[in-house]
Number of protein chains: 2
Amino acid sequence: MAGRARATMKDVAALAGVSPKTVSNVVTGTVFVRPETVERVEAAMTELHFVPNLSARGLRNGRSGTIAVALPDLATPYSAELLHDLVEVAHERGLAVQVEETGAEPGREVELLSRARAHLIDGLILNPIRVEDSAVEYADHLPPVVLIGEVEQRVTDHVIVDSRAASRDITRHVISRGARRIAAIGGDENPEKETAASRLRLDGYRDALRDAGIEPDPRLEINPLPWTTPSAAAAVDGLIASGVEFDAVVAFTDTLALGVLHSLATHGKRVPDDVLVTGFDDVEMARFSSPALTTIGFDLRRVAEEALSLLNRRMTERTAPARSVTVPYELIVRASTGD
Amino acid sequence: MAGRARATMKDVAALAGVSPKTVSNVVTGTVFVRPETVERVEAAMTELHFVPNLSARGLRNGRSGTIAVALPDLATPYSAELLHDLVEVAHERGLAVQVEETGAEPGREVELLSRARAHLIDGLILNPIRVEDSAVEYADHLPPVVLIGEVEQRVTDHVIVDSRAASRDITRHVISRGARRIAAIGGDENPEKETAASRLRLDGYRDALRDAGIEPDPRLEINPLPWTTPSAAAAVDGLIASGVEFDAVVAFTDTLALGVLHSLATHGKRVPDDVLVTGFDDVEMARFSSPALTTIGFDLRRVAEEALSLLNRRMTERTAPARSVTVPYELIVRASTGD
DNA sequence: CTGAAAGCGCTTACAG
DNA sequence: CTGAAAGCGCTTACAG
């Protein structure tokens, strides 16, 4: 078959002795076709190895059957797990998934959205990093968009977890276990470096401190960029070297927390005996680290389903008001806070 | 703009006072167009928010500018890191990437390849699990395919790492550190469960044992399916419960090795003092586990580049003989074998 | 239940 | 350097 021209509906129609329209009806299955006819057409399709040309279909009906998923860093465990669920759910719903990486640069999100490529897709699921920079103001020129993650805007649909409350809860938890000098890894005052997650989780952390009457210490608020395991390890190395005392570390993602554990182990600090440690996201490694991580968990499969449902609705009702779905979280207590 | 019809080249041409052909020339940039004309056309495109319809272009020139990447499980750290590099390289070369998950079921690979969707793509990069089942025999009816990973066939292009030699080397390493009772996690005799990686890494492990005069013990060859961290942990739990003695564990992926470390820690076995442990792949967590993992590393970015180069060549020369590129590996010694 | 015609938005020869 | 025509392979009205 290599090299031989691909069969078209016209070829199939000729072989089956029907019109192209009938072949189309058989392929799409929207109209009832007489069983004998269906059989003849299917036999012809098999014989010719017919596969519909999706470019042609897409051109005709204006939909490609493909959505894009844009994530900051595909190599991160959290992104990988989220992508896994999104692809699974999308395929169940008959949609193909194209992936894009926005990276650390805020501009990439905007660029990506306005890029030509984006317009071969029927919709976009975006996990944004930045608040203001999120290209949502361009929503008018965009395909349907659903945001995953906390962003303070009401222009597009989004699926959120209440990060601030979750961060407050997990910080309260370490306070309840006796911690007073609690480092926050991922928080930042600098609006240049601030992200939606960073801002909200820092707010939640401070809420808990305030409620407990603990004075925040700027030296304990560290934002290692990018949010990776090695940079978190380096941040804790630095904290230890600085001599600032601490008895707990609240990391704003599990990926960061794994670096925290590594640094503490390197310096001979025992978790949870000397220092309590928590993460956020409940990635698979959070259960298998030494010690296992106390963290915030939520149902990623559910997030994926909600995102695709919102996107699907948006594809049909373009002008409906923006919807927001909140997925519940739970505090998962493990050995890293001495369960 | 929402709801308003998208501008076409015809609209742009009308506004700029040129023919659609000229607009096309400006957009594709293949033919020289007079600077004043270019400027007029570009102004018109901006004004109308023109974006070329890629379905139409795809229909016309037979290429979509999209490739597919099919991996067994997107949530696995190794897959995630590989996808990250593939997407990065593909984007540098102007290609979009569609992702597919083949899962554990061997049939999915075949199904996927023959599925209609596959034909909207210009090529496919596949990380196959099974040897025989890999749908490579269908290569004639397929878009250009490049395999990543060891598969014993010469029908399609592929990028490989010499798994057998690598597995032999790392097993030799633990033998050199004094181990004699070495468990292999991921090896399997059962052809039903055997995969390309499983087969070759088991062969390499046995090569090393034979060279050292150590008799293989079937009770030490365990294949936890699927190849995940929890199943590896459960496998080692079982091994310990069985009472079979061992002084080292050679895991066939880092993901498995992380589960091995977890199980050993749970049972109070110290690594490397009581048991040596090794992995394969050098994922990021291999550096941050406690202890850090001795493993086999290779350049994933390089793998991605080679795969895309092969695919690109295949897209132009469909009938050229299959090529194979071998990427070098290295033994990375870390604390888990007592460095 | 099926056919003949038209058109989705591009780009490729073919002319000038 | 630019235009007018044709066609990539489908599907959507419009007829019967």
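Within every chain, numbering begins at 1; the chains are lettered A, B, ... in the order of the sequence lines, protein sequences first and strands thereafter.
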K.L.:
Just by distance, do the side chain of B:Thr156 and the backbone of B:Val145 share a donor-acceptor pair under 3.5 Å?
P.N.:
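No; zero donor-acceptor contacts below 3.5 Å.
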K.L.:
Let me have DNA chain D in dot-bracket notation, would you? Count Watson-Crick plus G-U wobble pairs, both distances under 3.5 Å, and use [ ] for pairs crossing earlier ones and | for inter-strand partners.
P.N.:
|||.||||||||.|||
K.L.:
Can you find a heavy atom in the side chain of A:Ile160 that is under 4.5 Å from one in the side chain of A:Val325?
P.N.:
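With C-beta onward as the side chain, the pair stays apart.
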K.L.:
Would you check if the side chain of B:Asp85 reaches a backbone N or O of B:Ala304 as a donor-acceptor pair within less than 3.5 Å?
P.N.:
no
K.L.:
Does B:Glu47 come within less than 4.0 Å of B:Arg40, counting only side-chain N to carboxylate O?
P.N.:
no
K.L.:
We want to know whether B:Arg93 and B:Ser309 form a side-chain donor-acceptor pair, criterion being a heavy-atom distance below 3.5 angstrom.
P.N.:
yes
K.L.:
Please check if the side chain of A:Thr22 supplies one atom and the backbone of A:Val18 the other of a donor-acceptor pair under 3.5 Å.
P.N.:
no
K.L.:
Would you mind building the protein contact string for nucleotides 3-13 of chain C? One character per nucleotide, 5' to 3', B for base within reach (heavy atoms under 4.0 Å), S for sugar-phosphate only, - for untouched.
P.N.:
BB--BBBBBBB
K.L.:
Of all residues at least two apart in sequence or in a different chain, which pass the side-chain hydrogen bond (donor to acceptor under 3.5 Å, both in side chains) check with B:Arg60?
P.N.:
none
